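These numbers come from the heavy atoms of this one structure, side chains and all, not from hydrogens, waters or symmetry mates. Only a predicted model underlies this, so the values are computations on that prediction, with no experimental measurement involved.
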Amino acid sequence: MPEPVVLLVEDEDDAREVLATALEDAHYKVLRAANGAEALKVLADQTVRCDLILLDLMMPVMNGWDFRHRQRQDPRLARIPVVLMSAGARLASTAGGLDASGFITKPVEIDDLLNNVKRLCM
């Protein structure tokens, strides 16, 4: 069975690399994007398979809300589950409004991250 593929959309370079390393150590293939626009470019590649998107909300260029709106408009991408990541205090209500499969509060606890990913990639 191939490794599950996770698209990690996070604008902070250090955070993106720490989270990506933790996911790779747990045997996930990780695609990386620094903002929503980059994530859409990654997903536009017809050869890329993606099982889950980990999406930061507060990013330059294209934030998580705009990305999610564009993702849900594309039938090929709309089926991919999304877990939101943010330091915002009202993340649970935001997750529901964006039809997200889950949310992780920043700073991210690695165990919380891995549990969410495992639950959605099984």
Problem - Exam field: side chain Arg76 to backbone Leu43, donor-acceptor pair closer than 3.5 Å - result: yes
Problem - Value rounded to 0.5 Å, distance of CG in Leu52 from CZ in Arg119 - result: 9.0 Å
Problem - Beyond-backbone contact of Cys121 with Tyr28, side-chain heavy atoms, under 4.5 angstrom - result: yes
Exercise for the section: Working to the nearest 0.5 Å, report the span between CD1 of Ile80 and SG of Cys50. Expected result: 4.5 Å
Practice task
Answer yes or no: is there a donor N or O on one side and an acceptor on the other, between the side chain of Arg68 and the main chain of Asp99, under 3.5 Å?
Solution key: yes
Handout entry: Partner of Leu84 under side chain to side chain contact (heavy atoms under 4.5 Å, CB included), chosen from Leu54, Thr105, Leu55, Asp56
Key = Leu55
Problem - Flag side-chain contact, heavy atom, 4.5 Å: Arg70 against Trp65 - result: no
Problem - Leu23 and Leu114: CA distance, side-chain angles, deciding distance, side chain to side chain contact (heavy atoms under 4.5 Å, CB included) verdict - result: CA-CA 7 Å; Leu23 290 163; Leu114 295 177; 3.9 Å; yes
Problem - Point-to-point distance, once rounded to the nearest 0.5 Å, from CG of Leu7 to NZ of Lys29 - result: 11.5 Å
Handout entry: From Asn116 atom CG to Met85 atom CE, the distance as rounded to the nearest 0.5 Å
Key = 10.5 Å
Problem - Value rounded to 0.5 Å, distance of CZ in Arg49 from CG in Leu31 - result: 9.5 Å
Practice task
Report the distance from atom CG of Leu40 to atom CG of Leu77, rounding to the nearest 0.5 Å.
Solution key: 7.0 Å
Problem - Path from Leu113 to Val18 over hydrophobic side-chain contacts below 4.5 Å - result: no
Problem - Donor-acceptor under 3.5 Å (Gln71 side chain, Phe67 main chain) - result: no
Completion exercise
Residues at least two apart in sequence or cross-chain that pass side chain to side chain donor-acceptor pair (under 3.5 Å) with Asp74, listed by chain then number, are none
Handout entry: Any donor-acceptor pair under 3.5 Å from Asp51 side chain to Val6 backbone
Key = no
Handout entry: Whether Asn115 side chain and Asp111 backbone form a donor-acceptor pair below 3.5 Å
Key = yes
Practice task
Test Asn35 against Val9 for side chain to side chain contact (heavy atoms under 4.5 Å, CB included), laying out the working first.
Solution key: CA-CA 6 Å; Asn35 58 62; Val9 189; 5.6 Å; no
Exercise for the section: Could you tell me whether a side-chain N or O of Asp66 sits under 3.5 Å from a main-chain N or O of Met62, the two making a donor and an acceptor? Expected result: no
Practice task
Please answer: with hydrophobic residues joined when any side-chain heavy atoms are less than 4.5 Å apart, are Val61 and Met58 in the same cluster?
Solution key: no
Exercise for the section: Determine the sole option in Glu10, Glu38, Glu17 for which the side-chain hydrogen bond (donor to acceptor under 3.5 Å, both in side chains) test with Arg32 is passed. Expected result: Glu17
